[in-house]
Amino acid sequence: QVQLVESGGGSVQAGDSLTLSCAASGRADSIGAMAWFRQAPGKEREFVASISWSGYGVKYAASVEGRFTITKRNVQNMAYLQMYNLKPEDTAVYYCASREFRAASTIAGEYDYWGQGTLVTVSS
């Protein structure tokens, strides 16, 4: 079993930056690829970014490509989402997810563990 705890959310202005953190605990051999998803009010949960266990396989949603960066530190079982030039449409609850497979995925259903989420609000 793996537990994920996100932190770093908050309220910012458009154009600001924010870094989200995800701390994973539990069975280390169950922590493979990690990802960030988000859910805006009234909308479905959507993929944001994912990273393979090795850190070499990285994928981004088109809407955040070039503005967000996902990284991870296996030793500390941490994942991060650096967000730059935030826009009001980035407002959402951001969820950290992990899967036991080492290859990353953009599909929410392929992740085994989820955090509770952290709210990011971007005002114009």
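By the 4.5 Å heavy-atom criterion applied to side chains, R45 and W114 are counted as neighbours. When side chains are defined from C-beta on, Y56 does not count as touching V58, because their heavy atoms never get closer than 4.5 Å. Side-chain contact between S63 and R38 is present, with at least one heavy-atom pair separated by less than 4.5 Å. Proximity of I31 to R102: side-chain heavy atoms (C-beta onward) are nowhere separated by under 4.5 Å. The shortest side-chain heavy-atom distance between E110 and F101 does not fall under the 4.5 Å cut-off. Side chains of R73 and Y80 form a contact here, defined as non-hydrogen atoms less than 4.5 Å apart.
Here the straight-line distance linking atom OG1 of T106 with atom NZ of K59 works out to 6.0 Å at 0.5 Å rounding.
A pairwise comparison of heavy atoms in A104 and S52 identifies CB-N, 3.8 Å as the closest pair. Minimum heavy-atom separation, S98 to V2: OG-CG1, 4.0 Å. Minimum interatomic distance between Q3 and Q1 (heavy atoms only, all atoms of both residues): NE2-CG, 3.4 Å. In this structure, I70 and A35 approach most closely via the heavy-atom pair CD1-CA, 4.3 Å. Residue S124 comes nearest to P88 through the heavy atom pair CB-CG, 3.9 Å, listed as atom of the first residue, atom of the second, then distance. For the residue pair S123 and Q13, the shortest heavy atom distance occurs at OG-NE2, 3.3 Å.
Atom CD of Q116 is surrounded by 12 or fewer heavy atoms from other residues, nucleotides or ligands within 6.0 Å. Atom CD of Q76 has more than 12 heavy atoms from other residues, nucleotides or ligands within 6.0 Å.
Checked options L119, L18, T118; the residue passing with Y94 is T118 (criterion: side-chain contact (heavy atoms from CB on, under 4.5 Å)).
A single hydrophobic cluster is seen to contain both L86 and V64, as judged by linkage of ILVMFWY side chains at heavy-atom distances under 4.5 Å, directly or through other members. Taking hydrophobic clusters as Ile, Leu, Val, Met, Phe, Trp and Tyr residues chained together by side-chain heavy-atom distances below 4.5 Å, V93 does not share a cluster with W36. M83 and Y95 are assigned to two separate hydrophobic clusters, defined by single-linkage of ILVMFWY side chains at heavy-atom distances under 4.5 Å. If you chain together hydrophobic residues whose side chains sit under 4.5 Å apart, V120 and M34 fall into the same group.
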Is there a side chain to side chain contact (heavy atoms under 4.5 Å, CB included) between I107 and F47 once you walk through the steps? CA-CA 7 Å; I107 302 172; F47 168 76; over 6 Å; no

For D16 and V122: C-alpha separation, side-chain torsions, deciding distance, then whether side chain to side chain contact (heavy atoms under 4.5 Å, CB included) applies. CA-CA 8 Å; D16 285 351; V122 184; over 6 Å; no

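Under the 30°/60° scheme for interplanar angles, the aromatic rings of F37 and Y111 are found to stand perpendicular.
Sorted by first and then second residue, the pairs that involve residues 1-102 and meet disulfide (SG to SG under 2.5 Å), not counting sequence neighbours, are C22-C96.
Remark: side-chain polar atoms of N85 are not paired, donor with acceptor, to backbone N or O of R67 under 3.5 angstrom.
For the 3.5 Å distance criterion, the side chains of Q82 and T19 fail to qualify, holding no donor opposite an acceptor.
A cation-pi arrangement, defined by a distance under 6.0 Å to the six-membered ring centre and an angle within 45 degrees of its axis, is absent between R99 and Y113.
Annotation: side-chain contact (heavy atoms from CB on, under 4.5 Å) contacts of S7 (sequence neighbours excluded): S21.
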